[in-house]
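Labels below follow one simple rule: chain letters A, B, ... track the order of the sequence lines, proteins then strands, and each chain is numbered from 1. Basis for what follows: all heavy atoms, side chains included, without hydrogens, waters or symmetry-related copies.
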Amino acid sequence: MEVKDANSALLSNYEVFQLLTDLKEQRKESGKNKHSSGQQNLNTITYETLKYISKTPCRHQSPEIVREFLTALKSHKLTKAEKLQLLNHRPVTAVEIQLMVEESEERLTEEQIEALLHTVTSILPAEPEAEQKKKTNSDVAMDEEDPA
Amino acid sequence: MFVLVEMVDTVRIPPWQFQRKLNDSIAEELNKKLANKVVYNVGLCICLFDITKLEDAYVFPGDGASHTKVHFRYVVFHPFLDEILIGKIKGCSPEGVHVSLGFFHDILIPPESLQQPAKFDEAEQVWVWEYETEEGAHDLYMDTGEEIRFRVVDESFVDTSPTGPSSADATASSEELPKKEAPYTLVGSISEPGLGLLSWWTSN
């Protein structure tokens with residue numbers, strides 16, 4: 001076996017999630033040979049990887065969201081690796097941005113970091129329970145204002 | 001975290017599978033060979049991405065099976081240097097904190113890369129971060145099962161292919177079992193603000 005190019009492309013977690021979900025559907029349809037001993041490794045790795053990726057923000061993304069996110073990031077001048085990390089992790093605090101963007105203190109001002117955080121949180125969908133929590137908090141606030 | 005790797009290999013299809021579509025047989029054989037296996041200096045192979053080129057299939061004298069040279073792309077787990085990952089603490093030992101990603105378990109955070117100052121609690125076998133504030137020192141425990149954010153600082157590949165019989169006497173080597181080394185290990189670090197247990201850095 002020969003490796004022609006060990007680094008031909010970087011894949012986002014969303015792309016791998018999509019691929020593994022499609023593979024799972026395909027194998028469910030074809031049915032019988034899933035349990036033959038040869039396929040055990042593939043079953044194990046796809047199950048575990050899918051389980052891991054499903055707990056990350058990627059499971060709510062779509063190709064349109066990814067495209068919109070990358071276009072919005074063009075103005076911030078980030079490297080490919082930094083954009084990929086932002087896409088995979090969906091940081092919500094400035095500390096996380098500083099971890100993923102190299103030398104962020106020198107390259108980005110505070111307003112730029114705020115703008116970046118805003119782009120990330122507005123374009124990339126969050127976990128639904130986090131959004132529900134936020135909604136119930138804002139509902140409680142509105143109820144408190146009404147009687148007055 | 002994942003990369004696409006272009007590879008070339010010759011796939012052997014036995015005669016009793018000739019009724020299946022060639023692409024399906026080849027995909028199955030490649031997955032059987034590579035899925036969940038570490039390729040030296042490449043990474044942990046996950047699954048086949050696509051087949052880019054199929055060359056002519058040959059049948060050689062003496063073997064009824066067909067041999068096809070295939071160019072394909074495979075999805076491989078290979079985080080780049082300084083990438084941030086989130087995993088679960090598998091356990092602690094004097095060597096450091098062991099982290100797992102569910103599908104990959106050989107990640108170690110050595111004591112020097114923990115948030116300093118850190119000490120190892122022998123009684124509970126956990127590493128503790130002694131976090132100092134004006135009120136005093138808080139002991140933050142790194143318990144098993146907690147989610148942890150870390151940075152990849154190093155990786156090492158070990159060639160675990162079998163070596164021939166050693167020249168030393170056979171009786172001695174048969175008593176000691178050969179040490180099982182992980183073919184691919186990652187070294188992480190959490191010594192920066194924002195890294196470590198997720199619960200340490202969430203504001204609410």
[X] atom [atom1]: more than 12 heavy-atom contacts under 6.0 Å:
X: B/E112; atom1: CD; answer: yes
X: B/F18; atom1: CZ; answer: yes
X: B/Y131; atom1: OH; answer: no
X: B/K37; atom1: NZ; answer: yes

Could you tell me which of [options] has the largest number of non-hydrogen atom pairs under 4.5 Å with chain A?
options: B/V39, B/I46, B/L85, B/V42; value: B/I46
options: B/L101, B/L44, B/L48; value: B/L101
options: B/I86, B/N36, B/L195; value: B/N36

Kindly indicate, with the supporting measurements, whether the criterion side-chain contact (heavy atoms from CB on, under 4.5 Å) is fulfilled by B/V75 and A/L19. CA-CA 10 Å; B/V75 177; A/L19 185 72; 3.5 Å; yes
How far does [atom1] of [X] sit from [atom2] of [Y], to the nearest 0.5 angstrom?
X: B/M7; Y: A/S8; atom1: CE; atom2: OG; answer: 10.0 Å
X: A/L42; Y: B/C45; atom1: CG; atom2: SG; answer: 11.5 Å
X: B/N31; Y: A/L23; atom1: CG; atom2: CG; answer: 7.0 Å
X: A/T49; Y: B/F104; atom1: OG1; atom2: CZ; answer: 11.5 Å
X: B/I84; Y: A/H89; atom1: CD1; atom2: NE2; answer: 7.0 Å
X: B/K88; Y: A/Y52; atom1: NZ; atom2: OH; answer: 10.5 Å

The test is side-chain contact (heavy atoms from CB on, under 4.5 Å); show your working for B/L4 and A/N7 and say whether it passes. CA-CA 6 Å; B/L4 218 51; A/N7 225 323; over 6 Å; no
Provide the closest heavy-atom pair for B/C47 versus A/L20 in the form atom of the first, atom of the second, distance. SG-CD2, 3.7 Å
Max heavy-atom pair count under 4.5 Å with chain B, selected residue of A/V16, A/V3, A/I45: A/I45
Below 4.5 Å, heavy-atom pairs only: which of A/L10, A/V92, A/N13, A/L11 has the largest tally toward chain B?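 Greatest number of close heavy-atom pairs with chain B: A/L11.
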side-chain contact (heavy atoms from CB on, under 4.5 Å) for A/M1 and B/L34? Distances and angles first, verdict last. CA-CA 11 Å; A/M1 188 181 78; B/L34 291 174; 3.9 Å; yes
Show every donor-acceptor pair shorter than 3.5 Å between a side-chain atom in residues 95-107 of chain A and any protein atom, with sequence neighbours excluded, or say none if there are none.
residue	atom	partner	partner atom	Å
A/E96	OE2	A/T93	OG1	3.1
A/R107	NH1	A/E82	OE2	3.0
A/R107	NH1	A/E102	O	2.9
A/R107	NH2	A/K77	O	3.3
A/R107	NH2	A/E82	OE1	3.0

Pairs of donor and acceptor atoms involving the side chains of residues 49-59 of chain B, under 3.5 Å and at least two apart or interchain, shall be tabulated with distances.
residue	atom	partner	partner atom	Å
B/D50	OD1	B/R73	NE	3.0
B/D50	OD2	B/R73	NH2	2.7
B/T52	OG1	B/H71	O	2.9
B/E55	OE2	B/H71	NE2	2.8

Given that the side chain runs from C-beta out, which part of B/F80 has a heavy atom under 4.5 Å from chain A: side chain, backbone, both or neither?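 Contact with chain A involves the side chain of B/F80 alone.
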Does any backbone or side-chain atom of A/T44 lie under 4.5 Å from a heavy atom of chain B? Answer side chain, backbone, both or neither.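 It is the side chain, since no backbone atom gets that close.
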Can B/F72 and A/K4 be said to form a side-chain contact (heavy atoms from CB on, under 4.5 Å), step by step? CA-CA 10 Å; B/F72 58 98; A/K4 268 199 312 200; over 6 Å; no
